[in-house]
Trainee: 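What follows is a single structure, and I will ask about it in a moment.
Quick note on labels: first sequence line is chain A, next is B, and so on, each numbered from 1.
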Amino acid sequence: MRTLFNQLSPINLAATLCNRFSNSNHLCTSISASPNLPINQIAHIICCVLQECTSFSCLKKTHAKIFAYGLQYDSRILTKFAIMYVSFNRIDAASILFEDIPSPCSFLWNVMIRGFATDGRFLSSLELYSKMMEKGLKPDKFAFPFALKSCAGLSDLQRGKVIHQHLVCCGCSNDLFVDAALVDMYAKCGDIEAARLVFDKMALRDLVSWTSMISGYAHNGYNSETLGFFDLMRGSGVIPNRVSILSVLLACGNLGALRKGEWFHSYVIQTGFEFDILVATAIMDMYSKCGSLDLAHCLFDETAGKDLVCWSAMIASYGIHGHGRKAIDLFDQMVKAGVRPNHVTFTCVLSACSHSGLLEEGKRYFQLMTEEFVIAPKLSNYACMVDLLGRAGHLSEAVDLIENMPVEPDASIWGSLLGACRIHNNLDLAEKIADHLFHLDPVHAGYHVLLSNIYAAKSRWNEVEKVRKMMARRGANKIQGFSLVEYDNQVLKFGVGDISHPQWEKLYAKLEELAAPMKHLGYVPLTDFVLHDIEEESKEAALSYHSERLAIAFGLINTSPGTTLRITKNLRICGDCHNAIKLISKIVNRVILVRDMHRFHRFEHGVCSCGDYW
DNA sequence: CTAGGGTTAG
């Protein structure tokens with residue numbers, strides 16, 4: 001060994017060491033065996049060996065050895081070590097070394113920016129990026145995608161735009177990876193138009209860029225665009241993989257497009273994509289959101305190696321379908337199976353309790369979360385609790401909870417409470433809440449509508465008008481209600497009093513036809529403004545029809561008797577329609593599934609699965 | 001040296 005060290009040049013020596021001694025002990029022993037070796041030579045050897053380093057423990061031991069040799073202040077070695085630490089995902093260790101280097105080279109800055117971003121420490125990554133720019137150093141084309149990834153992770157569109165400008169200045173645009181990262185950043189920050197602009201300008205588009213775009217559409221609510229873009233991708237000769245399928249499944253779920261979703265399920269099987277837990281969860285969730293709880297549950301049972309997300313998704317499914325007890329049972333099973341819940345799981349459970357009116361159970365699980373699992377409740381957990389308490393009429397308890405929250409309540413919390421005020425027609429509380437609420441979110445149309453409906457319930461028409469004007473002044477535009485129904489591999493959309501469908505006359509005639517038997521069953525149209533508690537979708541004219549009724553009429557005309565009708569609605573179903581659909585289900589003897597903004601309503605034999613608790 | 005992904009309240 002000693003002869004080796006003395007005879008070979010450092011590079012050859014390093015190469016020899018790499019070949020012969022792949023593990024750290026040998027390396028360290030060899031170095032220790034030659035105490036007379038000049039320090040710079042050892043440094044050189046170690047640098048070369050590190051390049052071949054494949055084991056973290058080897059790295060750590062070598063690092064310790066370096067300290068023993070008193071080389072810790074050599075920038076070159078430190079840089080090498082920092083880079084190695086990053087490659088082993090030990091960003092903290094790398095960071096400590098980085099701080100010790102007087103003026104780190106550009107490359108190390110880039111490596112650190114990448115390292116932090118990869119580790120999910122987006123703020124640190126961007127902080128470093130800014131510091132690097134301040135020093136007049138330019139990030140390289142490998143660092144930009146990571147800086148953009150950090151912006152995407154933080155949904156920081158403003159910073160993303162700035163970095164976009166920088167990279168153009170640095171001449172790093174028109175690079176496949178940089179552009180793909182740009183597309184992804186814009187898509188994740190919700191600026192889908194900007195994403196599309198970059199995407200369209202790309203000379204070359206790989207599967208990843210397509211997938212980023214598709215996922216951007218899906219996650220920003222452009223559901224039919226998602227499906228369209230997927231077809232476009234296939235048309236352009238790019239073969240999808242399981243990742244791109246996930247976005248498409250999401251879109252199907254959002255649209256309630258069961259047939260399309262089923263098609264993708266079989267597509268996954270036919271093409272032989274790996275049917276891993278992510279794909280299984282996505283398909284399961286799609287089935288559930290399309291109203292097919294049975295299929296979702298089947299898949300859940302068949303899926304081996306269920307993880308937290310998979311369990312949570314199934315719990316959420318029971319929740320939106322109104323099966324609170326089953327959601328709770330599943331939660332208990334999950335815990336028994338040794339899977340530790342997180343705040344999302346509890347959001348699912350609490351929301352399930354809320355939809356099913358399981359007040360005591362909800363309280364118990366909230367307590368379980370904080371006390372037994374020691375999970376700090378997030379805003380979403382508080383929102384569920386406020387909703388649970390409020391719905392059940394325990395308004396003051398809900399207020400207590402909000403006042404004692406350790407975090408600042410946001411608009412959604414007050415919104416929950418306002419929703420409860422509407423159910424219980426509590427005007428005093430509603431007015432107090434509205435102040436907070438409109439301060440936090442002045443342009444939210446839904447909250448204004450809620451308040452206006454509470455006034456209307458008390459026949460306070462002047463105030464109703466005031467709220468209306470307030471909305472106009474603030475530019476809080478009402479969201480148009482619509483209902484979706486899948487037919488013949490298409491998703492059809494019906495708006496309020498829609499006459500755009502070729503069959504529109506038939507649809508209205510069908511509703512007319514139903515009017516008599518409905519009346520016979522005791523239906524009284526609730527023309528009172530109060531119950532048209534959804535956005536503007538009502539009150540247009542006596543002849544206007546809510547979108548879900550048109551969708552139902554369409555389904556009745558175009559499907560064979562007995563077929564379940566599935567409707568997806570963007571807003572909350574109104575009380576009048578809820579009454580009407582119950583009766584329709586009885587008259588036509590059909591199951592009518594309506595998914596509104598919050599949950600499923602399964603109408604059958606004149607009753608709804610929500611038990612009118614919604 | 002780089003990348004895209006499944007669950008969540010209102």
Trainee: Of the listed nucleotides (B:dG4, B:dT7, B:dG5), which one gets closest to any side-chain atom of A:Arg242?
Mentor: B:dG5
Trainee: With respect to the side chain of A:Asp285, which nucleotide from B:dT8, B:dG5, B:dG4 is positioned closest?
Mentor: B:dT8
Trainee: Please give, in whole Å, the distance from B:dT2 P to A:Ile113 CD1?
Mentor: 17 Å
Trainee: Please lay out, stage by stage, how A:Tyr129 and A:His166 fare under the test side-chain hydrogen bond (donor to acceptor under 3.5 Å, both in side chains).
Mentor: CA-CA 11 Å; A:Tyr129 174 89; A:His166 289 170; 2.5 Å; yes
Trainee: Under 4.0 Å, heavy atoms only, any strand: does A:Asp307 hit a base, just the sugar-phosphate, or nothing?
Mentor: base
Trainee: When we call it a touch if two heavy atoms are under 4.0 Å apart, what does A:Asp140 touch: a base, just sugar-phosphate, or nothing?
Mentor: nothing
Trainee: If you only use heavy atoms from C-beta on, which nucleotide in B:dG10, B:dT8, B:dT2 is closest to the side chain of A:Ala316?
Mentor: B:dT8
Trainee: Between B:dG6, B:dT8, B:dT2, which one does the side chain of A:Pro145 approach most closely?
Mentor: B:dT2
Trainee: Looking only at side-chain atoms of A:Lys289, point me to the closest of B:dG4, B:dT7, B:dG6.
Mentor: B:dT7
Trainee: Examine B:dG10: is either OP1 or OP2 under 4.0 Å from a nitrogen or oxygen in the side chain of A:His598? Give yes or no.
Mentor: yes
Trainee: Send over the distance from A:Leu299 CG to B:dT7 P, rounded to a whole Å.
Mentor: 14 Å
Trainee: Give every donor-acceptor pair under 3.5 Å between a side-chain atom in residues 142-155 of chain A and any protein atom, sequence neighbours left out.
Mentor:
| residue | atom | partner | partner atom | Å |
| --- | --- | --- | --- | --- |
| A:Ser150 | OG | A:Ser125 | OG | 3.1 |
| A:Ser150 | OG | A:Phe146 | O | 3.0 |

Trainee: Can you say whether the rings of A:Trp263 and A:Tyr267 are parallel (under 30°), tilted (30 to 60°) or perpendicular (over 60°)?
Mentor: parallel
Trainee: Could you check whether the rings of A:His448 and A:Phe438 sit parallel, tilted or perpendicular, using 30° and 60° as the cut-offs?
Mentor: parallel
Trainee: Can you find a side chain N or O atom of A:Lys188 that sits less than 4.0 Å from OP1 or OP2 on B:dG5?
Mentor: yes
Trainee: When the distance from CE of A:Met185 to P of B:dG4 is rounded to whole Å, what number comes out?
Mentor: 13 Å
Trainee: Measure the distance from CG on A:Asp206 to P on B:dT2 and round it to the nearest whole Å.
Mentor: 14 Å
Trainee: If you check every side-chain atom of A:Cys384, which of B:dG4, B:dG10, B:dA9 has the closest atom?
Mentor: B:dA9
Trainee: Of all of residues 351-364 of chain A, which get a heavy atom below 4.0 angstrom from DNA chain B, listed by number?
Mentor: A:Ser351
Trainee: Checking A:Arg325 now: which residues fulfil side-chain hydrogen bond (donor to acceptor under 3.5 Å, both in side chains) with it, not counting sequence neighbours?
Mentor: A:Glu361
Trainee: In this structure, how many angstroms lie between the C1' atom of B:dG10 and the CZ atom of A:Arg391, rounded?
Mentor: 10 Å
Trainee: Can you list every pair that meets side chain to side chain donor-acceptor pair (under 3.5 Å) and has a residue in residues 374-389 of chain A, with sequence neighbours left out?
Mentor: A:Thr347-A:Ser380, A:Thr347-A:Asn381, A:Ser354-A:Asp387, A:Asp387-A:Arg391
Trainee: Looking at every strand, decide which applies to A:Phe146 at a 4.0 Å heavy-atom threshold: base, sugar-phosphate, or nothing.
Mentor: sugar-phosphate
Trainee: When the distance from OH of A:Tyr365 to C1' of B:dA9 is rounded to whole Å, what number comes out?
Mentor: 19 Å
Trainee: Should the pair A:Phe331 and A:Tyr365 be assigned to parallel (<30°), tilted (30 to 60°) or perpendicular (>60°) ring geometry?
Mentor: perpendicular
Trainee: Looking for any heavy atom pair under 4.0 Å, which part of the strands does A:Leu250 touch: base, sugar-phosphate only, or nothing?
Mentor: sugar-phosphate
Trainee: Is the base of B:dG4 touched by the side chain of A:Ser212 through a donor-acceptor pair closer than 3.5 angstrom?
Mentor: no
Trainee: Using a 4.0 Å heavy-atom cut-off, does A:Asn381 contact any base of the nucleic acid, only the sugar-phosphate backbone, or nothing at all?
Mentor: nothing
Trainee: For B:dG6 and A:His219 - does any side-chain N or O of the residue sit under 4.0 Å from the phosphate oxygens OP1/OP2?
Mentor: yes
Trainee: Atom CG of A:Asn89 to atom P of B:dT2: distance rounded to whole Å?
Mentor: 12 Å
Trainee: So does A:Arg599 get a side-chain nitrogen or oxygen closer than 4.0 Å to the phosphate oxygens (OP1/OP2) of B:dG10?
Mentor: no
Trainee: Within the structure shown, what part of the strands sits under 4.0 Å from A:Ala383 by heavy-atom distance: base, sugar-phosphate, or nothing?
Mentor: base
Trainee: How would you label the contact of A:Lys306 with the nucleic acid (heavy atoms, under 4.0 Å): base, sugar-phosphate, or nothing?
Mentor: nothing
Trainee: For A:Phe107, check ring-ring contact (aromatic ring centres under 6.0 Å, His included) against everything at least two apart and list the hits.
Mentor: none
Trainee: Applying side chain to side chain donor-acceptor pair (under 3.5 Å), which residue pairs with at least one partner in residues 82-91 of chain A are found, sequence neighbours left out?
Mentor: A:His63-A:Tyr85
Trainee: At under 4.0 Å between heavy atoms, what does A:Ile413 touch on the DNA or RNA strands: base, sugar-phosphate, or nothing?
Mentor: nothing
Trainee: Which nucleotide, B:dT8, B:dG5, B:dG4, lies nearest any side-chain atom of A:Asp276?
Mentor: B:dG5
Trainee: In terms of side-chain heavy atoms of A:Val309, which of B:dG6, B:dG10, B:dG5 is nearest?
Mentor: B:dG6
